[in-house]
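Notes follow once the structure below has been shown.
What's counted below: heavy atoms across the whole structure, side chains too, no hydrogens, waters or symmetry copies.
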Amino acid sequence: STEQSEPVETDPKKVWKVFAQYYYLFQGTPTSMWLDYVFANVFNCKDALCEENADEYYDHITTRLQGDDFKPRALFERFNIEVITTTESPLDDLKYHKMVKESGWQGKIITAFRPDNVVDPEFEGFEDNLAYLSKITDTNIDNFSGYLASLQKRRQFFKEMGATSTDHGHPTPRTLDLSDEDKNALYLTIRSGQFTAQDAEDFRAQILTEMARMSIDDGLVMQIHPGVYRNHNQSL
């Protein structure tokens with residue numbers, strides 16, 4: 001027989017009450033300092049959150065969130081936010097950024113170039129992503145130089161849309177600086193699909209060097225997030 005797991009509580013109000021019951025355990029942490037500030041100054045809840053007032057908190061916050069003064073643009077202006085940056089794939093058409101620009105609203109929302117899905121051979125759907133990259137840039141990417149040219153075109157498009165930075169999530173911050181011949185040979189190995197984990201790591205390392213070079217050329221600030229393991233909880 002298959003062992004049955006305990007059912008997970010899905011009623012948000014009950015989940016909130018459990019959180020409130022144990023909220024005191026967060027005392028002295030940045031989490032509680034931030035939440036206490038938001039509760040008091042954004043939602044005007046004057047008493048500290050606890051199990052006894054959990055329902056009152058929940059109902060009050062839920063009601064407030066429905067108001068026009070809690071819509072995203074209203075909060076943006078209320079908090080005097082100068083700029084918010086989102087990260088998008090090179091395959092993104094940035095249509096929502098275009099909509100913001102064309103709406104007449106003065107809030108500054110800009111994109112950042114996040115190329116993980118077209119530079120990491122171990123990224124799910126990597127080959128399909130490259131095929132689409134080739135299509136939208138009208139560039140033959142059968143060799144490494146063509147591949148880099150397609151990435152440069154997308155960087156230029158992102159810059160024209162207001163991007164000021166790039167963002168790279170790599171397993172390690174390792175870099176390589178191979179010869180042109182070795183770079184192309186590695187690229188062809190990756191494109192064959194018959195590559196090792198070391199090949200994939202070498203490719204990512206070379207790409208970081210290429211991205212740094214492109215940043216010098218186009219002025220986009222390079223941000224690196226090494227060692228972050230994402231999407232590991234498949235149930236979420």
For the pair Phe76 and Ile109, evaluate side chain to side chain contact (heavy atoms under 4.5 Å, CB included) and give the outcome as yes or no after the intermediate values.
CA-CA 10 Å; Phe76 189 102; Ile109 311 286; 3.6 Å; yes

Between Ser89 and Asp92, a side-chain donor and acceptor under 3.5 Å
no

Please give me the minimum heavy-atom distance between Asn117 and Arg114, naming the atom from each residue.
OD1-O, 4.3 Å

Check: Ser215 side chain, Ala212 main-chain N or O, donor-acceptor pair, under 3.5 Å:
no

In one Ile/Leu/Val/Met/Phe/Trp/Tyr side-chain cluster, 4.5 Å: Leu188, Phe126
yes

Interatomic distance, Arg191 atom CZ to Asn143 atom CG [nearest 0.5 angstrom]:
10.0 Å

Kindly check if the number of other-residue, nucleotide or ligand heavy atoms within 6.0 Å of CD (Glu124) is above 12?
no

Nearest atoms (heavy-atom pairs only) where Cys50 meets Ala20:
O-CB, 3.6 Å

Roughly how far, to the nearest 0.5 Å, is CG of Leu130 from CD1 of Ile141?
4.5 Å

Decide salt bridge (Lys or Arg N to Asp or Glu O under 4.0 Å) for Asp138 and Lys153; before the verdict, give the C-alpha distance in whole Å, the side-chain angles of both, and the deciding distance to 0.1 Å.
CA-CA 10 Å; Asp138 192 25; Lys153 288 180 181 180; over 6 Å; no

Around Phe70, counting heavy atoms of other residues, nucleotides and ligands shown, do more than 12 lie under 6.0 Å from its CZ?
yes

Heavy-atom side-chain proximity of Pro90 to Val118 below 4.5 angstrom:
yes

Kindly compute the distance separating CG (Asp116) from NE2 (His225), expressed to the nearest 0.5 Å.
9.0 Å

Report the residues that fulfil ring-ring contact (aromatic ring centres under 6.0 Å, His included) with Phe157, sequence neighbours left out, ordered by chain and then residue number.
none

Could you verify whether a donor N or O on one side chain and an acceptor N or O on the other, from Thr166 and His168, lie under 3.5 Å apart?
yes

Would you say CD of Glu9 has more than 12 non-hydrogen atoms from neighbouring residues, nucleotides or ligands within 6.0 angstrom?
yes

Ring centers of His232, Tyr229 separated by less than 6.0 Å:
yes

Any Leu133 side-chain heavy atom under 4.5 Å of Ser150 side chain
yes

So how far is it from Leu220 CG to Met211 CE, rounded to the nearest 0.5 Å?
10.0 Å

Is Ile110 linked to Ile84 within one hydrophobic cluster, defined over Ile, Leu, Val, Met, Phe, Trp and Tyr using a side-chain heavy-atom separation of less than 4.5 Å?
no

Any donor-acceptor N/O pair, Glu102 side chain to Val100 backbone, under 3.5 Å:
no

Go through it in stages, so that I can follow the logic: the residues are Asp120 and His170, the test is side chain to side chain donor-acceptor pair (under 3.5 Å), and I'd like the CA-CA distance, side-chain angles, deciding distance and then a yes or no.
CA-CA 8 Å; Asp120 184 351; His170 284 226; over 6 Å; no

I'd like to know if the side chain of Asp199 reaches the main chain of Thr196, judged simply by a donor and an acceptor atom lying under 3.5 Å from each other, with no hydrogens or angles considered.
yes

Under 3.5 Å: donor-acceptor pair, side chain of Ser134, backbone of Thr139
yes

Distance-only side-chain donor-acceptor flag, Gln156 / Gln152, under 3.5 Å
no

Please check if the number of heavy atoms outside Lys135 that lie under 6.0 Å from its NZ is greater than 12.
no

For this output row, return yes or no: ring centroids of Phe19 and Trp16 closer than 6.0 angstrom.
yes

Is there a donor-acceptor contact under 3.5 Å linking the side chains of Gln27 and Thr29?
no

Compare every heavy atom of Val119 with every heavy atom of Leu151, then report the nearest pair and how far apart it is.
CD1-CG1, 4.2 Å

Do Tyr23 and Asp36 get their side chains close enough for a donor-acceptor pair, meaning under 3.5 Å?
yes

Validate the cation-pi geometry between Arg155 and Phe113: distance from NZ or CZ to the six-membered ring centre under 6.0 Å, angle to the ring axis within 45°.
yes

Side chains of Lys13 and Asp59: does their closest heavy-atom pair fall under 4.5 Å?
yes

If I take atom CG from residue Asp167 and atom OG1 from residue Thr87, how far apart are they, to the nearest 0.5 angstrom?
6.0 Å

Are there more than 12 heavy atoms of other residues, nucleotides or ligands under 6.0 Å from atom NZ of Lys108?
no

Tell me if the CD atom of Glu56 is crowded by more than 12 foreign heavy atoms within 6.0 Å.
no

The test is salt bridge (Lys or Arg N to Asp or Glu O under 4.0 Å); show your working for Asp93 and Lys98 and say whether it passes.
CA-CA 9 Å; Asp93 61 6; Lys98 292 177 184 175; over 6 Å; no

Linking Ile, Leu, Val, Met, Phe, Trp and Tyr by side-chain heavy atoms under 4.5 Å, what else ends up with Val15?
none

What do the steps show when you test Trp105 against Glu77 for side chain to side chain contact (heavy atoms under 4.5 Å, CB included), and what is the final call?
CA-CA 11 Å; Trp105 182 55; Glu77 293 164 358; 2.7 Å; yes

What heavy-atom pair brings Tyr147 and Ile207 nearest, and what distance separates the two atoms?
CE2-CD1, 3.7 Å

Check whether more than 12 heavy atoms from other residues, nucleotides or ligands sit under 6.0 Å from atom CD of Glu160, and answer yes or no.
yes

Before accepting this row, confirm whether a basic side-chain N of the pair Lys17/Asp55 lies closer than 4.0 Å to the acidic partner's carboxylate O.
yes

N-O pairing of Asp202 and Arg174 below 4.0 Å
yes

If you draw a 6.0 Å radius around OH in Tyr22, do more than 12 non-hydrogen atoms from other residues or ligands fall strictly inside?
no

Regarding Arg204 and the six-membered ring of Phe123, is the cationic atom NZ or CZ under 6.0 Å from the ring centre and inside 45° of its axis?
no

Indicate yes or no: at least one non-hydrogen side-chain atom of Tyr96 is less than 4.5 angstrom from one of Thr86.
no

As a quick check of understanding, evaluate side chain to side chain contact (heavy atoms under 4.5 Å, CB included) for His60 and Cys45, giving each step before the final call.
CA-CA 9 Å; His60 174 72; Cys45 298; 3.5 Å; yes

Minimal heavy-atom distance between Phe39 and Ile61, with the atoms involved, is CE2-CD1, 4.1 Å

Would you check if the side chain of Asn184 reaches a backbone N or O of Asp180 as a donor-acceptor pair within less than 3.5 Å?
no

Any side-chain heavy-atom pair of Met222 and Met214 under 4.5 Å:
no

So which heavy atom on Leu148 is nearest to which on Arg213, and how close?
CD1-NH2, 3.9 Å

Side chain Lys159, main chain Asp218, donor-acceptor under 3.5 Å:
yes

Roughly how far, to the nearest 0.5 Å, is the OG1 atom of Thr62 from the CZ atom of Arg64?
12.0 Å

Tell me which one of Leu35, Thr31, Leu49 satisfies side-chain contact (heavy atoms from CB on, under 4.5 Å) with Phe26.
Thr31

Taking Thr209 for the side chain and Leu176 for the main chain, is one N or O donor matched with an acceptor at less than 3.5 Å?
yes

